[in-house]
Novice: 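Would you mind keeping the following structure in view while I ask a few things?
Atoms within a ligand are numbered from 1 in the order they appear, just like the ligands themselves.
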Amino acid sequence: MASIAAEFALLSSGLDLKRRVFNVPILPLRVGVKNRLNCLVTKALLQEQLKGLQKTKDLGFDVVKEIELRENGFMGMRKTKLVCTVGPACCSSEELEKLALGGMNVARLNMCHSTRDWHQDVIRKIKKLNQEKGFCVSVMIDTEGSQIHVLDHGAPSSVKAEEGSIWFFTKEKFDGCRPFTVKANYEGFNEGVKEGDELVVDGGMATFEVIERIGNDLRCKCTDPGILLPRAKFSFWRDGKLVEKHHDLPTFSDKDWSDIEFGISEGVDFIALSFVKDAAAVNHLKDHFSTKNESVKVLAKIECLESLKNLEEIVEASDGIMVARGDLGVEVPLEQVPTVQEEIIDLCRRLNKPVVIASQLLESMIEYPTPTRAEVADVSEAVRQCADALMLSGESAMGSYGQKAISVLRMTSTRMELWGREENQQCFLPQIGESLPDQIAEQICSCAGQMANKLAVDAIFVYTVHGHMASLLSRNRPNPPIFAFTNKNSTRMALTLQWGVLPITFDLSDDMDANISKTTHLMKAKGMMKQGDVILVVSDVIPMSVTPSVYQSLQVVVIE
Ligand SMILES: Nc1ncnc2c1ncn2[C@@H]1O[C@H](COP(=O)(O)OP(=O)(O)O)[C@@H](O)[C@H]1O
Ligand SMILES: C=C(OP(=O)(O)O)C(=O)O
Ligand SMILES: [K+]
Ligand SMILES: [Mg+2]
């Protein structure tokens, strides 16, 4: 039985990862995808190695990353971050630990589902695992938001709609089961809808023609037969264009505010805001935090047509973006979703905001232990486009193969990162900083990226309080990993989402030489670095007492 170590030994045997410049040949693989998945019984192997590593958590270093470094070397470390949705299939401490060992960087809780107590229990379990086992998994809550969907369609699971059948869509309450009747969740669901419009369910699962509008109801004829699922989403179309209804709906419901307050009180790291329409919604939430001095990060989910129209202002206002392809595919013709995804990723990189690609990455793995080849290609494409993070939804929340799914993301992204290295660095990055120190920081990070690649250094070290310098380095997508030393826990947890950054808690001092020598000594003492390793050191720690630019620096250090 092969191990992850063997898998990576296999990878690296075809490559001198450390010094080679990256015209990667087709990598030799002895075994097929399925075999590799089957052999990734990670827990026993990793648990074994964890035993000797518990002390590392004193340095605030993620134990899983430490194992990866020991096994794969600097250049073999995965850069793309992984987000897993937690649901009934993975909410025990044991299952959460397996996901953490499998590479989960962020655990996402979708507030649409389960109870407050359930969410609280999961958040506390994750924090306990971080503390006791030395993981660095941050927590994201995802608001329910408002959208028009099915509340009741007269069956516990799916219902088939046959061609030509007549259905009523209503907001009226009714008891018991009424055949061919679908109850919507929103009073004004039929406002602005006209006879002759198309009602599309879940982006194409079934299509109806609106025959008549009667008060709160719509009488419709099924024109494209299909399946209605619980909570199926509606969209209305006229002459091939979406009838926009999101502006009628609030971005924050009372439940969303209460979930947000709950998240803050539990110390979550990210809030993903559903159905953001413009920057005002993001600013509203951020203002709400600033009055409370919270450091939680706000991600805007791009999932409705209006959010696409206001994309740039939303990206600028947010701390990060989620391309929520599930709902986006209801409002945008499916064939447009891939180009929209690529545009959002490019914009986020230009504006230096982390971006998560979400929904249906490995959908078939909810049921099956292997992905389709098309799913692997989709994941690879998101990695090639340099997304910061990939997200599992139902695959981890309710599927039987969550651990295998995270293995597929891990292996596929590591492989594509090696393949795509030259391409990563060809992106044009405009200057975004306005003040002189910000512009200096940007130039230093851009030069650092180029130097790191040209000198083939082993690692980049950055000392950062708020994480800005680390994110600027990440934006350049350099080949070596970025070790970000910070004294702020909130910075450490926020950096879990950024491409190529390994956040480490460290007691920073104003004396930069002391920071460098202490961190290199610690890494060497732990056997993670050795004599002759070359590090590029970038600093952004600005003591109040000196001119800022003095402490923004770039230097090359060879470990003695
Ligand atoms: N906390 C939870 N409790 C129960 N089921 C969940 C939970 N989170 C996710 N799920 C299940 O996983 C599926 C996929 O998750 P997600 O994509 O986040 O939700 P949705 O399908 O509502 O957009 C959900 O439809 C639901 O069946
Ligand atoms: C991630 C998404 O949002 P949710 O799962 O909350 O609907 C999506 O729509 O793709
Ligand atoms: K949600
Ligand atoms: Mg959604």
Novice: Once rounded to 10°, what is the value of the angle centred on the K ion (ligand 3) between Asp142 OD1 and Asn110 OD1?
Specialist: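 Reported to 10°, the angle equals 110°.
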Novice: Just to be sure I'm reading this right: ignoring hydrogens, which of Pro88, Gly87, Ser274, Ser396 gets closest to atom 4 (C) of ligand 1? Compare them by their nearest heavy atoms.
Specialist: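 Among Pro88, Gly87, Ser274, Ser396, the closest heavy atom to atom 4 (C) of ligand 1 comes from Pro88.
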Novice: Ligand 1 and Arg108, any nitrogen or oxygen pair closer than 3.5 angstrom?
Specialist: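 Among all N and O atoms of Arg108, at least one is under 3.5 Å from an N or O of ligand 1.
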Novice: For ligand 1, note which part of Val86 has a heavy atom under 4.0 Å away: side chain, backbone, both or neither.
Specialist: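 It is the backbone that gets close, since no side chain atom is under 4.0 Å.
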Novice: Can you see which heavy atom on Asp202 is nearest to which on Met205, and at what distance?
Specialist: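 Looking at all heavy atoms of both residues, the closest pair is CB-CG, 3.4 Å.
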Novice: Does the plane of the ring in Trp257 sit parallel, tilted or perpendicular to the ring in Phe252? Use 30° and 60° as the thresholds.
Specialist: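 Ring orientation of Trp257 relative to Phe252: parallel.
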Novice: I need the nearest protein heavy-atom contact for atom 15 (O) of ligand 1: residue, atom name and distance, please.
Specialist: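 Answer, as residue, atom name and distance: Gly394 N, 4.0 Å.
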Novice: Ligand 1 versus Ala397, non-hydrogen atoms closer than 4.0 Å: side chain, backbone, both, neither?
Specialist: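 Under 4.0 Å from ligand 1, Ala397 contributes side-chain atoms alone.
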Novice: Any idea how Phe169 and Phe208 line up, ring-wise: parallel (<30°), tilted (30 to 60°), or perpendicular (>60°)?
Specialist: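 The rings of Phe169 and Phe208 stand perpendicular, inter-plane angle above 60°.
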Novice: Could you tell me which atoms of ligand 1, counted from 1 in the order shown, lie closer than 4.0 angstrom to a heavy atom of Ser393?
Specialist: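 It comes down to these atoms of ligand 1: 17 (O).
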Novice: Please confirm whether Trp118 comes within less than 3.5 Å of ligand 1 when only nitrogen or oxygen atoms on both sides are compared.
Specialist: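 No, there is no polar N/O contact under 3.5 Å.
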Novice: Quick one: does Thr85 get an N or O within less than 3.5 Å of an N or O on ligand 1?
Specialist: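 No, since none of the N or O atoms of Thr85 sits under 3.5 Å from an N or O of ligand 1.
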Novice: Angle at the Mg ion (ligand 4), OD2 of Asp327 to OE1 of Glu303, rounded to 10 degrees, please.
Specialist: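 OD2 of Asp327, the Mg ion (ligand 4) and OE1 of Glu303 span an angle of about 100°.
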Novice: Under 3.5 Å, side chain of Arg475 to main-chain N/O of Arg350, donor-acceptor pair present?
Specialist: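 Yes, the answer is positive, given that a donor and an acceptor are paired below the 3.5 Å cut-off.
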Novice: Counting non-hydrogen protein atoms only, what is the nearest one to atom 11 (C) of ligand 1? Give residue, atom name and distance.
Specialist: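 So the nearest neighbour among protein heavy atoms is Met398 SD, 3.9 Å.
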Novice: What is the closest protein heavy atom to atom 21 (O) of ligand 1, and at what distance does it sit?
Specialist: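 The closest heavy atom on the protein side is His113 NE2, 4.4 Å.
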Novice: Where do Lys81 and Leu495 come nearest, in terms of heavy atoms and distance?
Specialist: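 Result for this residue pair: NZ-O, 3.3 Å.
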Novice: When only distance counts, is Asn110 in polar contact with ligand 1, meaning an N/O pair under 3.5 Å?
Specialist: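 Yes, since at least one N or O of Asn110 sits under 3.5 Å from an N or O of ligand 1.
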Novice: Give the numbers and elements of all ligand 1 atoms closer than 4.0 Å to a heavy atom of Ser114.
Specialist: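 Listed by number with element, the hits are 1 (N), 2 (C), 3 (N), 4 (C).
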Novice: I'd like to know if the side chain of Ser490 pairs up with that of Asp269 as donor and acceptor (distance under 3.5 Å, no hydrogens or angles considered).
Specialist: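 Looking only at side-chain atoms, Asp269 and Ser490 do not form any donor-acceptor pair under 3.5 Å.
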Novice: Under 6.0 Å from the ring centre and within 45 degrees of the ring axis: does the NZ or CZ of Arg116 meet both conditions for the six-membered ring of Phe262?
Specialist: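 So Arg116 does make the cation-pi contact.
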